[in-house]
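All values below come from the heavy atoms of this structure, side chains included, with hydrogens, waters and symmetry mates left out. What you see is a predicted model, and the numbers here were worked out from it, not measured in a lab.
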Amino acid sequence: MLATFFLTSSAVAYLFSGSVCYLALRAEKHRQGKSLSNLQKLEIPLFWPLWIAKEMDNE
């Protein structure tokens, strides 16, 4: 029971963080006058830790 709660809350937190990263990227692209590709719309919410690492290397 406790393991189920832990895994569920971890999954919710992971998806919430991915959504925040997606919204940040979408706002930045909107500010630049560009649009997100369909791949980015799926990639960022699911693989946001990789996106953050990639963005850190770009700066």
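- With sequence neighbours left out, the side chain to side chain contact (heavy atoms under 4.5 Å, CB included) criterion links K29 to L25, Q32, K34, L36, Q40.
- Hydrophobic clustering (ILVMFWY, side-chain heavy atoms < 4.5 Å, transitive): W48 and L42 are in distinct clusters.
- The shortest side-chain heavy-atom distance between I52 and E55 does not fall under the 4.5 Å cut-off.
- Cluster membership check: W51 shares its hydrophobic cluster with M56, using side-chain heavy-atom separations under 4.5 Å among Ile, Leu, Val, Met, Phe, Trp and Tyr.
- When hydrophobic residues (I, L, V, M, F, W, Y) are linked wherever their side-chain heavy atoms come within less than 4.5 Å, M1 remains an isolated member.
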For residues 8-16, please give each side-chain donor-acceptor pair under 3.5 Å, one per line with the distance, not counting sequence neighbours.
from	atom 1	to	atom 2	distance (Å)
T8	OG1	T4	O	2.8
S9	OG	F5	O	3.0
S9	OG	F6	O	3.0
S10	OG	F6	O	2.9
Y14	OH	L46	O	2.5

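- Atom-to-atom distance recorded for L50:CG and E43:CD is 8.0 Å, nearest 0.5 angstrom.
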